[in-house]
Structure formats: structure tokens, C-alpha cells
There are 2 protein chains.
Amino acid sequence: MRHRLKDVAERAGVSVKTVSNVVNGYQHVRADTRARVEEAIAELHYRPNLSARNLRKGRTGVIALAVPELDIPYFAELARHVVDAAAEHGWTVLVDQTGGGPEQERKAASGIGDHMIDGLILSPLALTADDLAGLAGLPMVLLGERVDHGPADHVMIDNVAAAREVTAHLIGLGRRRVAAIGSQRTPEGASARLRLAGYTAALAEAGLDYDDRLVAPAPAWHRADGAAAMRHLLTTGVRPDAVFCFNDTLALGALRALHEAGLRVPEDVAVAGFDDIEDGRFSIPTLSTVAPDKERIARLAVELLAGRLTTDREAPPRELVAPYHLSLRESAP
Amino acid sequence: MRHRLKDVAERAGVSVKTVSNVVNGYQHVRADTRARVEEAIAELHYRPNLSARNLRKGRTGVIALAVPELDIPYFAELARHVVDAAAEHGWTVLVDQTGGGPEQERKAASGIGDHMIDGLILSPLALTADDLAGLAGLPMVLLGERVDHGPADHVMIDNVAAAREVTAHLIGLGRRRVAAIGSQRTPEGASARLRLAGYTAALAEAGLDYDDRLVAPAPAWHRADGAAAMRHLLTTGVRPDAVFCFNDTLALGALRALHEAGLRVPEDVAVAGFDDIEDGRFSIPTLSTVAPDKERIARLAVELLAGRLTTDREAPPRELVAPYHLSLRESAP
DNA sequence: ATCGTTGCTTACAACGTTGTACAAACCAGG
DNA sequence: CCTGGTTTGTACAACGTTGTAAGCAACGAT
């Protein structure tokens, strides 16, 4: 049922290697030989065995994308762009779900299926630069906002600046009790730390005092956590008149909690998020947010990986910064 | 830098095959030999070359999941469950994005990377049973609601019954002008046809007339399409007092359009969706919806594939029906 | 001592492909 | 017709792994 080069060769009356040459577009094959071979290929529905080819060539044409969770909209949207960008380079993408745990991330980094992938785009939550240093086996590009300048290529956006900008926007609306949702004290919370830094910087610039009661932690960044954090904020004495949520799903949860509390957005409380996921364009109200250029991030990551694979395998790690912009909608116009 | 069985063998002072035996857990290896080999493996950080193993064994340990778009929440959530279920079988999942086009779906079905994957779970939009019949090269499980009983294993839910049930629920709320959003006339619209059939059946059972003006088509099933369709419905003379949207993203778009039109949900218009995506639990209002058991769907699909790969490769195609339930929330309580 | 038996290990071939080296056929210029 | 270069095709080995068959001890039973 499944045919090999040898079968095609016999049918076309040439050697195995000649068929291989035709398949690989080698130049010096006479037109009529090529035609005979191609006919045989078509008749037998021959398709090369990639395992064998990979074994021989040492490359697989597959790269992996490892993200914490696929059903978090931000990662799903990112995955889509990575798949598209990789396709332009002729790569297939193996999407891996790490769950954000250090063990699974390490496993992904040390080679999901060994020799099954040429490179890895990893969006780490738990791993530190030290962890990664020991795993330099695989060409790797890191996504996101790990603080440390690790040993691998890196694509990120300027989280501090973005967080400061969006917080400043809330303040510019005349709000004086601007809360933050999503702080984390764990080592995994690198993004949280950076965004918190931007938040406090904006407060300081505006001459507002930092108030601990206005900063709500969130163990994870799902809608439910945002809702819970918002409810909590409403029970503390200082009722906020604006909230900066460290990502959009948190913000959507917060919107929900505000709605349940009978507060109007943005009249009573302005809300802003981070990530610009599709949901936020249709939520009620629509969501003001920091919009990282996800397509650009994906493209840069794939190109960094491509560079590492083709030319300078031992080049020093590069760090690219992707652009973002504020996308202002109803929740904080 | 990268070591092979041979290197380990030399270091441990045994033959290559003995190392292979240790790696594969072969029983008859003396304890001290095994210890020596394992030590050598650890020292060299040996990891098997999967391409070579696959070539030898004829199996890769990778299955593919091909869905139209990764950033559609339903598929993202499904992908998550498939990855989890596959992991229990020791499989890695290669997630492929077809875009819903026939050409890419055919390409996925005929073997994404040939011999790179053992089997395929495909969620087809465009392909018909006839298309698939010609592509029986790869063990395959189809997801979703293609009408035709194709040549491959199939996991689905009873779309007609589910649509009828949710429509009946809207009618049970006392609504008499129940609209539908999401109809499609194209061959890709198999789900749309089934859900429309359930809708009309429920109307008939309740003795309500089918009104063409209450049925709004949607080219795709994104939020924007739902919003556009809802706006259109509001311009026709017959103002609906309930809407059944053929999926949740359409429904979220419809909620948005109703909000913009100043109509209250559910007081003025009740809204129900289909898929039970995470967004719907936090939208304002929260969304009543048909909740297919996605985890079960994923698990059944993986198990069907497992069966086909291990035992009965030539067994007649099976069709499994996964359960669903109505999840009633604020938009249509 | 000899004979199986059992336990452990090994050499060899094979999976399907492509790189290398070379042979054969062809061509042009003397 | 020979020479030297180019084009076209071939044989062979190799990529790293595992299945097969067989080798070699050491053992208890004859």
C-alpha cells in the first residue's frame, strides 16, 4: 500500500538515487527520464518517508511551540500567528501545552520528541534563566517577559512602559484611586512584576500615593481570578474608580464582578486590560487594553529561530522588542 | 555534543544492542550491566534519536489534530482536551490549522508530514465524505457534525436534538418570535443545517410558524458575524423576542449588538448559544448555551484512534455520540 | 563428562532516504 | 579520431535505531 523510492525506481526503470534526485529537484536529470519518474511517482502515489529523510538529513522541518495553556485566548491567538509565520518558512508547528509547570517546561525545552523538532519557541512561566542555561541542546526562542536576560533568543514587548502608559491613561481620565489586579509574588510572576512596576511608576509620575489596598493579587490570570479579585477590592474601604488588570481575561472577570455589584463601567469604575484579545472587542462594555503586536511577535520569533538554524548557531543571544499600542474602547475611553 | 547508542555502549563496555535493551526496558539484562549502562547514559545525557527509532519501528508516537482555526475558543478548548487525552496514551499532538479550506484539509488528511504522524483527528469544515474516501492512507477520526456517514471513525453530538432542546427552552420562556443566527447555504455548513433543522423542529412542535425573516445567515461564526446578523434582524419588521445563535461567539456578538441597540437581555430578547465556551460564563449577561462534553469528545476521539492503530485497522468505521446538556444562565434563564 | 536449558549478550541486517565517488555517455575543439 | 570537460546515471555507505538469530557462559540433570 505504501511505496518507497525503490518501488518507483523499478517501475521507472532507473536507480533509486535518480528517483531521489527527481524528488529533490536535482538539476541534471534528462527531461525524458524525469518525466518517466514523475509518471511512476504519480501512479504509485509515492510520498517520501520523512522519518528516513530526517534521519539522513538531521533536520525534521518541524518546530515546536510550547505555551502554558492553549485555551487562554492570548496564547491561542499567538499560536495561530506562529503557525502562519512558520508555514511561510516551510515548517510545521508542533504545539505543546506545558501547563506552566517547571517540569513540563523543562521537558519541552530539553527536546519534546528528541530529534523530532529542529527548534523551539517557548513561552515560559516557571523556568528561570538558570534552568534554561542547562538545556541549551535545542535552538530556542523565548517569548514573553522573563526578567532575566537568559542564554537564548528572546522576543518581548516593553511591559513596564506599556503598563505605565495605560495606567497614565486611566489617571488622565481624572481617576485618583486606580487599582491593579493581577500581582503575583511567585517566581513565575515575571510579567506581573514588570506590569506592577509600570503601574507604580505611573502613579509616582502623577503624584499619587501607592496604596497597598488597591493592589489585588491573582493566583492565575483567568476570568474567575479577575472576578474574585475585583469583588475583593470592592470590600476594602477604598473604593477604586479605575482598575488596571494585568491581562484581558482578568479584566473581563472584573467587568463581570462590577456588573454584579451594580457599578457602571466606565462611569463609576474605568477598566483597562492587557493583551487585546478578541473577546475584548465585543464585551459589554468593550475593553480598553494594551495591544501587543502579536503577529509581529510571532514573525520575529520564527525568524530568530530560522536565523539560528541556518546561519549562526553560536551567535550571542539576541533580544528583540515588538511594538504595542493602546487600544482605547468603552471601558476606559 | 549529541550522543548515540554507540557512544554509550563504548563507555559502558557493552554492545550497542545491550544499551538499546536497557533503554527499552528489556527484561534479561543483569543488574550490574544495567547499572553500568544507566550510569553511562546519565553521564552522556543520552537521549534516543526518535527519527531513527521511528524509521525502524514504523510508528512515530505523534498524532495530529487538524482544526479550522486555533483562535476560535471552541477549537482551542477542544485542542487542550485532545492534548491532555493523547498524553495519557503517550502521544504527542501536532496541532495543525487548516483554515477550513478544502485544499488544506485535504493536505492534512493525506498526511501532514508523511510518516511523521501515526494518525489524525480532523475537524473538517469543507471536506465531504467523498473527498475523504480517496484519502484512506492515514488512520483518521473525524470530529463534528458532517452529515454524511463517511469512511472514517467519527465523534459527534446530536446536533438536531440539542438545537431543538435549546429552542424549545426559549419557547418555554414564553417567547413567540424566536430568531436563529448562523444559517449557511454552503456545503461547508453541515453544522448549520443540522442546527437549523433542530430549530425548525422545535418551532413546529410548539405550533409556531417558521418565519424566514427570523433566520439570519452568517458567513462565518465569529463575534463580528453575530453582531452583524443581530443588527440585521433588528432592522426587519418582526422584532424577535429570543435568538438562538448557532454558536457562542455568534451569541456574544449578538449580545453586543443588542446592547448597542439599547435592548435588555433577557427581558426584551433572550439569547442562547452553542458550545459552552469559557467566555460565556463571564459575559454580561452570562450566556445560556448547549454544552457539549468537550472532554468526552476529545477522549473518545483519541481512544478511537488508539483502537484503530493497535488492533483492528480494517474494522468498519464507528460513530460515537458524545453527550451534551443545556447550561442555563442569565441570557435565557 | 555430556547434554540440554536458561540467562545474558552480541553481530548483523534492515528500516527509507541522501551524500559521495565514480562510471558511462555525451559534447565540442583540436 | 582523440582529448578533456560536462552531463547524466549508478553503486555504496551512512544516518541511529531495533528485531532476529545465534553465541557463550553457567547451571542442574542425566
Side-chain angles (χ1 to χ4, degrees), chain A residues 1-41 44-62 90 111 113-118 137-138, chain B residues 1-41 44-62 90 111 113-118 137-138:
Chain A
M1 191 65 207
R2 208 101 208 190
H3 299 279
R4 304 155 299 165
L5 279 183
K6 198 178 161 209
D7 303 315
V8 180
E10 280 170 10
R11 190 177 190 99
V14 294
S15 81
V16 175
K17 188 63 215 286
T18 300
V19 181
S20 169
N21 286 337
V22 170
V23 171
N24 290 285
Y26 181 65
Q27 289 220 340
H28 302 301
V29 179
R30 234 185 344 195
D32 60 325
T33 326
R34 161 166 279 127
R36 271 212 325 287
V37 170
E38 275 169 351
E39 192 180 352
I41 288 177
L44 296 180
H45 297 105
Y46 167 76
R47 339 199 79 228
N49 178 325
L50 291 194
S51 284
R53 176 178 288 174
N54 298 340
L55 172 61
R56 185 63 239 237
K57 291 216 182 185
R59 315 193 323 107
T60 65
V62 178
D114 262 79
H115 295 262
M116 288 279 292
I117 57 179
D118 294 339
L138 203 60
Chain B
M1 191 65 207
R2 207 99 208 193
H3 299 280
R4 305 155 298 164
L5 279 183
K6 197 178 162 209
D7 304 315
V8 179
E10 280 169 10
R11 189 178 191 96
V14 294
S15 81
V16 175
K17 189 63 216 286
T18 300
V19 181
S20 169
N21 286 337
V22 170
V23 171
N24 291 286
Y26 180 65
Q27 291 220 338
H28 302 301
V29 180
R30 235 184 343 190
D32 60 324
T33 323
R34 162 166 281 128
R36 271 210 325 287
V37 171
E38 274 168 352
E39 194 180 349
I41 287 177
L44 295 179
H45 297 105
Y46 167 76
R47 340 201 77 230
N49 179 324
L50 292 192
S51 284
R53 178 178 286 174
N54 299 339
L55 172 60
R56 185 63 241 238
K57 293 218 188 186
R59 315 192 322 106
T60 66
V62 177
D114 262 78
H115 295 264
M116 288 279 293
I117 59 179
D118 294 338
L138 203 60

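Chain letters run A, B, ... following the sequence lines, proteins first and then strands; every chain starts at 1.
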Among B:Leu5, B:Asp7, B:Val37, exactly one meets side chain to side chain contact (heavy atoms under 4.5 Å, CB included) together with B:Tyr46. Which residue is that? B:Leu5

Tell me: CZ of B:Arg47 to C1' of D:dT17, nearest whole Å? 16 Å

The answer to which of B:Arg34 and B:Leu55 contacts DNA chain C further toward the 5' end, by nearest nucleotide, is B:Arg34

Between atom OH in B:Tyr46 and atom C1' in D:dG16, what is the gap in whole Å? 7 Å

Look at the side chain of A:Arg53 against the base of C:dT17 and say whether a donor-acceptor pair falls under 3.5 Å; ignore hydrogens and angles. no

Choosing from D:dT18, C:dT17, C:dT18, which nucleotide comes nearest the side chain of A:Arg4? C:dT17

Counting only side-chain N and O atoms of B:Asn54, is one of them less than 4.0 Å from OP1 or OP2 of D:dT17? no

Check the phosphate of D:dT20 against B:Tyr26, side-chain N and O only, distance under 4.0 Å to OP1 or OP2. Yes or no? no

Base, sugar-phosphate, or nothing: which does B:Lys57 touch, judged by heavy atoms less than 4.0 Å apart? sugar-phosphate

Could you say whether A:Arg30 or A:Val23 is positioned toward the 5' end of DNA chain C, judged by the nucleotide with the nearest heavy atom to each? A:Val23

Under a 4.0 Å heavy-atom cut-off, which of residues 12-22 of chain B touch DNA chain C? B:Val14, B:Ser15, B:Lys17, B:Thr18, B:Asn21

Is there a donor on the side chain of A:Arg56 or the base of C:dT18 sitting less than 3.5 Å from an acceptor on the other? yes

